Amino acid sequence: MDWTRGHIIGHGSSAAVSVAKSRCSDEVFAVKSVEISQSQFLQKEKTILSELSSPYIVSYKGYDVTKENDKFMFNLMMEYMSDGTITDEIRKQGGRIKEQLIGYYTKQILLGLEYLHSRGTVHCDIKGQNILLGNTGAKIADFGCARCVDPAERDGGTAAVSSEPIGGTPMYMAPEVARGVKQGFAADIWALGCTIIEMATGGSPWTNVANSASLVYKIAFSGQSPQIPKFLSLQAKDFLSKCFRKDPRERWTAKELLKHPFLEELSHSNSKANQDFVTSSPTSILEQDIWNSVEETETMDFCSIQTVSSMDSALKRVRELGLNSGEPKWRWDDQSWITLRRSSE
């Protein structure tokens, strides 16, 4: 495919995201790019995304290798979502999203998670920044931390230490993940609960935490869960209580949560929720500048914090992690596009 690259609109943990356009059809899509020598994790994301097909998952468009400024770049092409992220929507709504719209987005995220989990895939980094919005609502994106669960692990238990790398964003980690024990389907449900609190409050699911090290320790060993906002309805509070059960084996599954009363009534009111969407221009595809405090902006470096023998080692590694952020720049004039061709041409 011949295509043209627009300006960078966001940054992932290891790659830059640009808006792009096909030269043949004028189709607009998103492209995530990194130098091919550093593309191990983007190629992993490509492998996972290319095998998925769901209306609640950002769709795969293809990949190629291009030569730009004397560098070979690996490019992952994805569906373009015009309304940015859940994080953008929070800002558009004045800092909080109304409960009905929270329920609408939550149902779509759960439908995406039910699909992923049925295929043995754990996303491992559910949060507002990784949920993209468009004309049809919410879709799950950014599979850089995703992992496939071995059938032997699918019982939700935590008896054995996982052999897979553990990663994601500390603020959204489930207790068993923070302890380095397991990162299974139930971890995505805990992260969903944190994302609901993010939508409801416009802030962090955890408050009064000085740094990432103390946050991970608190999640892992305090026995606490994020505080559920008092202003939410009783049904919403009960829904969140099912997401925040400490034992992952007791946490409700995506399939079970889809039948919860908090979401059941939405089956007859989706069209009204759609009318509440803000249709202004997007500000980002994978925007990173979401929180002010350091523990909220950090993502596990390349999703590769390994299970370690002591918590001190884990905390030391968390302190060393950081994430670049940048403000998106939207320009649509013809001069802003750069023509690209595959390296084989």
Side-chain angles (χ1 to χ4, degrees), residues 54-57 83 85-90 92-118 122-123 125-134 136-140 156 171-175 184-207 224-278:
S54 165
Y56 307 104
I57 306 292
D83 293 331
T85 68
I86 286 283
T87 304
D88 298 328
E89 184 70 9
I90 292 169
K92 293 173 190 175
Q93 298 285 347
R96 294 181 180 179
I97 295 179
K98 294 180 180 179
E99 186 170 312
Q100 184 184 27
L101 195 52
I102 290 173
Y104 179 74
Y105 290 147
T106 297
K107 186 169 186 177
Q108 293 183 315
I109 297 167
L110 272 173
L111 286 166
L113 288 177
E114 181 187 32
Y115 169 77
L116 289 176
H117 295 173
S118 72
V122 187
H123 185 276
D125 201 19
I126 293 293
K127 59 182 178 180
Q129 290 172 281
N130 290 340
I131 308 299
L132 305 186
L133 305 178
T136 59
K139 297 190 180 188
I140 300 172
M171 191 63 69
Y172 301 80
M173 280 186 175
F185 305 136
D188 282 346
I189 300 301
W190 180 284
L192 172 66
C194 292
T195 303
I196 292 172
I197 291 179
E198 176 188 348
M199 288 190 279
T201 66
S204 156
W206 293 95
T207 57
Q224 299 178 31
S225 59
Q227 184 174 356
I228 297 174
K230 294 180 180 179
F231 57 81
L232 291 177
S233 67
L234 291 176
Q235 288 183 343
K237 291 176 181 177
D238 185 72
F239 183 95
L240 283 169
S241 73
K242 305 299 191 289
C243 296
F244 290 141
R245 289 187 173 177
K246 308 299 188 304
D247 188 336
R249 293 168 295 187
E250 297 179 2
R251 217 168 290 154
W252 279 30
T253 65
K255 187 174 184 178
E256 289 171 332
L257 286 170
L258 282 167
K259 298 177 182 179
H260 192 280
F262 175 54
L263 301 182
E264 267 192 339
E265 62 186 30
L266 293 170
S267 300
H268 307 290
S269 59
N270 281 354
S271 58
K272 185 177 187 304
N274 256 318
Q275 296 172 3
D276 293 332
F277 285 176
V278 177

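Treat the numbers as computed from the prediction; the structure is a model and nothing was measured.
Annotation: side chain of N130 is not in contact with side chain of I140 (no heavy-atom distance under 4.5 Å). You'll find the side chain of L240 reaches within 4.5 Å of the side chain of L232, heavy atoms only.
Scanning all heavy atoms of the two residues, the minimum distance from S204 to M171 falls at OG-SD, 3.1 Å. Between Y172 and W190, the closest heavy-atom pair is O-CD1, 3.6 Å. The minimum heavy-atom distance linking L258 with E114 is given by the pair CD1-OE1, 3.3 Å. Shown here for W206 and P226, the closest heavy-atom pair between the two residues is CZ2-CD, 3.5 Å.
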request  = Go through the steps for I97 and E89 under the test side chain to side chain contact (heavy atoms under 4.5 Å, CB included), then give the verdict.
outcome  = CA-CA 8 Å; I97 295 179; E89 184 70 9; 3.9 Å; yes
request  = Please step through salt bridge (Lys or Arg N to Asp or Glu O under 4.0 Å) for the pair K92 and D88, ending with a clear verdict.
outcome  = CA-CA 6 Å; K92 293 173 190 175; D88 298 328; 5.8 Å; no
task = Report the C-alpha separation of F244 and I197 in whole Å, then their side-chain angles, then the decisive distance to 0.1 Å, and conclude whether the side chain to side chain contact (heavy atoms under 4.5 Å, CB included) test is met.
result = CA-CA 12 Å; F244 290 141; I197 291 179; 3.7 Å; yes
Test side chain to side chain contact (heavy atoms under 4.5 Å, CB included) applied to I109 and I131, step by step = CA-CA 8 Å; I109 297 167; I131 308 299; 4.0 Å; yes
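Evaluation of the side chain to side chain contact (heavy atoms under 4.5 Å, CB included) rule for C243 yields I189, F239, L257 as partners, not counting sequence neighbours. For S233, the side chain to side chain donor-acceptor pair (under 3.5 Å) partners at least two apart in sequence or on another chain are E99. For Y56, the ring-ring contact (aromatic ring centres under 6.0 Å, His included) criterion is met by no residue, not counting sequence neighbours.
Ion pair D247/R245 not flagged as a salt bridge, since none of the NZ, NE, NH1 or NH2 atoms sits closer than 4.0 Å to an Asp/Glu carboxylate oxygen.
Here salt bridge (charged side-chain N to carboxylate O under 4.0 Å, His left out) pairs that include residues 251-263, with residues two or more places apart or in two chains, are E176-R251.
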